[in-house]
S.K.: 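Sharing a structure below in C-alpha cells format, with a few things to ask.
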Amino acid sequence: MYAQMVKSEAADDSPEAISFQARIDAGEKIEPKDWMPAGYRKTLIRQIGQHAHSEIVGQLPEGNWITRAPTLERKAILLAKVQDEAGHGLYLYCAAETLGVSRDDLTEMLLDGRMKYSSIFNYPTLTWADMGAVGWLVDGAAIMNQVPLQRTSYGPYSRAMIRVCKEESFHQRKGFDIMRKMSNGTPAQKRMAQDALNRFWEPSLMMFGPSDKDSVHSAQSMAWKIKMNTNDELRQKFVDQTVPQADYLGLTVPDETLKWNDEKGGYDFAEPDWAEFYEVLKGNGPCNRERLAARNKAWDDGAWVRDGLSAYGQKRAARKVAAQ
Amino acid sequence: MAHDPDLFEFLCRMGDNTLVLGHRVSEWCGFAPVLEEDIALANIALDLIGQTRMWLGLADEVEGAGRSADDLAMLRDVWDFRNVLLVEQPNGDFGQTMMRQFLFDAWHLRMLEALTTSTNTRIAEIAAKAVKEVSYHVERSSGTVIGLGDGTVESHSRMQAALDLLWPYVGELFSTDKVDVAMTQAGIAPDPASLRAGFDAYVGGVLAEAMLTIPDGDFAHKGGKTGFRHSEHLGHMLTQMQWLQRAYPGSSW
C-alpha cells in the first residue's frame, strides 16, 4: 500500500453531499468536472499525491542496484521496472492534477516534507536478493491495495490503478523469480535470500498501516470508496498469500508465532514493531534523510534544465508568432 | 562460424560502445531533472543494453570460446574493452550527458545505416533493428541540445562547456585501423572516415541552431577503440558493474 495513514476529511450534510453519496453508493464514477465535497477532493489529493510520491521515491532503493545488476538481462528488467514506477508516478500526478493541484505544487510538498511517501522506501537495499524481496513482498503488498482501488469512486484514479496493476503484477513475478533463483543458488545466494526476507518482512506488513478498524477517518474514506478495505483485512490477505510462497522457496518467515488458524481460515501472525513504524514516519527510518536529500538534489540540480527548456519553448513560440 | 579475430574485435567495439554508454545513462535512473526525462533516459539505456546483448551475443558466436555476452560484459578487464573514450566519460551534469549522447547518436545512426547493407547478414539484421531505436535517440538528443543551447544564459553556457569538454573525443569515432580496413575490404562495415562528412553536416546544423560553437582545432584523444589506453573512468565503472559476478563467481543469477 503506497498511501498510509491518509487523514480523511469529514463529510457534510448538504443536499449536494447527500446526492453525491447516493451516486457513489450506486457505483457511479465521479469525474473531474462533477460536483464533489471539498473534503472528498482534499482527501483524494492527499492520497493520490502520497501514492505518486511513493512511486517516485520508490525508484531510489531499486535504482540503487541498476548499476550493479549481475547480468545484462537482469539489468534490463530492473531498469524497465524502475522506469515503470516513474510512469506510475506520472499517471498519478496527472490524476491528482484533475483535482486542481499542480505536479510542481505536489513535488514541493514532497521535497519540504509536508507530504509523505510510503514508509517502506526508507529501508535500504543491501544485497541483490533485496531486488527480489522488494518485487515479491513490497510490490506484492502494493498490489493487495491497488487491485481493489481499480474500483475506487474517482474515475481518473481508478483508471490509473487499472494501468498500474497490470505492470505491478509483472513486477511481482519478476521479483519472485529473483528470489527463486537465489533460494536455489549457492549457499551465499540462499543466505542473501533469507536475509532479505528477514529485513523486509516487518516493513512489508507495516505498508498497510496500523489497524484502522475503529477509525472514523477510515470509515469516511470507505464510504466515499477512496479506501476499499480495512488495513487489517489487506494485511491478513497478504500474509495468507505470502507464507506458502516463502515455504515454496524454502525460506523461513521471521515470525516464531506464525501459525495456521483453521477457524479463521488464515494465519495468526505477530504485529510488526509499530514503534519503529512511527519513528520512520517521523523521519527516523534508516534512509529517510538519504531519500529526501536525493530527491531534493535531483530537483535542485535540474532547475537550470527546466528553466532552459521552458525559456526555449517561449522563444520558439514568440518566433512563430513573429513569422506569421 | 570460423573464428575471425578482426570480426570479433569489430563486434566488441559495437557492443562495448552500447554497453558502456547504456551503463552511464542508467546511472541517471531516479535523478533526472524532470520525470519525463527520467523515463526517456531509461528508454535509451534499455535500447542500448538490448543492442549490447545482440552485438556481444554475436561476438560470442564468432569467437566460439564459450564466452557469453554476459561473460564478455562482466568478466573482461579494462584493457579488453573496445569502446571509444567518449562513451566512458562521466555523466557530469545533465547537459554534459545530453551532449555526449548527441555526439554519439549522430555517429551511431550513420554507422548503423551503413551496417544495414553489410555483407554479413547477421550484422545487417542487428543494424536494421537498432537503427529504428537510434533514429529516435538522435532526434531526441538533438532537440534537447537545441533547447538547452538556445535556452537561458546559464543553460547555453553549460552546453558550450559540455561541447568544449567532449569535442576532442569525437575524432576517435572516425579513426581507421587495421580492423576497420579488414571490415571494409570484406564489405562488412564502412570505413569510419567515410561517415565523417555526413556527421559534420548534421552536427554542424544542430549546433548552429543551438547557438553553440564548435571548438577550434582537430585534436582527438584516442586509445579506447583499440584498447591501448582507456581513461581512468572506465575501471571505476567496471568495478561497480562487474562487482557481483566477480565477488560470487560461478553463481547463476
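Numbered from 1 within each chain, the chains take letters A, B, ... in sequence-line order.
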S.K.: Flag the one option from A:R103, A:Q83, A:R68, A:R74 with the top tally of heavy-atom pairs under 4.5 Å to chain B.
M.R.: A:Q83
S.K.: In terms of heavy-atom proximity below 4.5 Å to chain A, should B:I146 be classed as side chain, backbone, both, or neither?
M.R.: both
S.K.: For atom CZ of B:R246, is the number of surrounding heavy atoms from other residues, nucleotides or ligands below 6.0 Å larger than 12?
M.R.: yes
S.K.: With a 4.5 angstrom heavy-atom cut-off, could you sort out which part of B:M159 is near chain A: side chain, backbone, both or neither?
M.R.: side chain
S.K.: Quick check on the interface: out of A:T127, A:L309, A:V82, who has the most heavy-atom pairs with chain B under 4.5 Å?
M.R.: A:L309
S.K.: Under 6.0 Å between the ring centres of B:F104 and B:W107?
M.R.: yes
S.K.: Using a strict threshold of under 4.0 Å (side-chain N to carboxylate O), is an ion pair present between A:R199 and A:D195?
M.R.: yes
S.K.: May I ask you to decide if A:G87's main-chain N or O and A:E55's side chain share a donor-acceptor pair within less than 3.5 Å?
M.R.: no
S.K.: Please verify the inter-ring angle class for A:W128 with A:W65; under 30° counts as parallel, over 60° as perpendicular, anything in between as tilted.
M.R.: perpendicular
S.K.: Which heavy atom of A:V305 sits nearest a heavy atom of B:L148, and at what distance?
M.R.: O-CD2, 3.7 Å
S.K.: Testing B:L56, B:I126, B:I123 one by one against B:L11 for a side chain to side chain contact (heavy atoms under 4.5 Å, CB included), which residue passes?
M.R.: B:I123
S.K.: So for B:A73, is it side chain, backbone, both, or neither that comes closer than 4.5 Å to the heavy atoms of chain A?
M.R.: side chain
S.K.: Checking B:Y248 against chain A: side chain, backbone, both or neither under 4.5 Å from a heavy atom?
M.R.: side chain
S.K.: Is it the backbone or the side chain of B:D150 that comes under 4.5 Å from a heavy atom of chain A, or both, or neither?
M.R.: both
S.K.: Please state whether the side chain, the backbone, both or neither of A:R316 comes within less than 4.5 Å of a heavy atom of chain B.
M.R.: neither
S.K.: Against chain B, label A:M131 side chain, backbone, both or neither, depending on which of its atoms sit under 4.5 Å from a heavy atom there.
M.R.: neither
S.K.: Identify which part of B:D71 has an atom lying under 4.5 Å from any heavy atom of chain A, answering side chain, backbone, both or neither.
M.R.: neither
S.K.: Side chain, backbone, both or neither: which part of B:M241 has an atom under 4.5 Å from a heavy atom of chain A?
M.R.: both
S.K.: Do you know which two heavy atoms are closest between B:S118 and B:A124, and how far apart they sit?
M.R.: O-CB, 4.0 Å
S.K.: For A:L90, which atoms come within 4.5 Å of any heavy atom of chain B: side chain, backbone, both, or neither?
M.R.: both
S.K.: Centres of the B:F94 and B:W28 rings: under 6.0 Å?
M.R.: yes
S.K.: Does any heavy atom of chain A fall under 4.5 Å from the side chain of B:I49, the backbone, both, or neither of them?
M.R.: side chain
S.K.: Which bit of B:Q245 comes within less than 4.5 Å of chain A, counting heavy atoms only: side chain, backbone, both or neither?
M.R.: side chain
S.K.: Given heavy-atom pairs under 4.5 angstrom as the criterion, report whether the side chain, backbone, both or neither of B:W243 touches chain A.
M.R.: side chain
S.K.: Between the side chains of A:R163 and A:E167, is the shortest nitrogen-to-carboxylate-oxygen separation below 4.0 Å, so that they form an ion pair?
M.R.: no
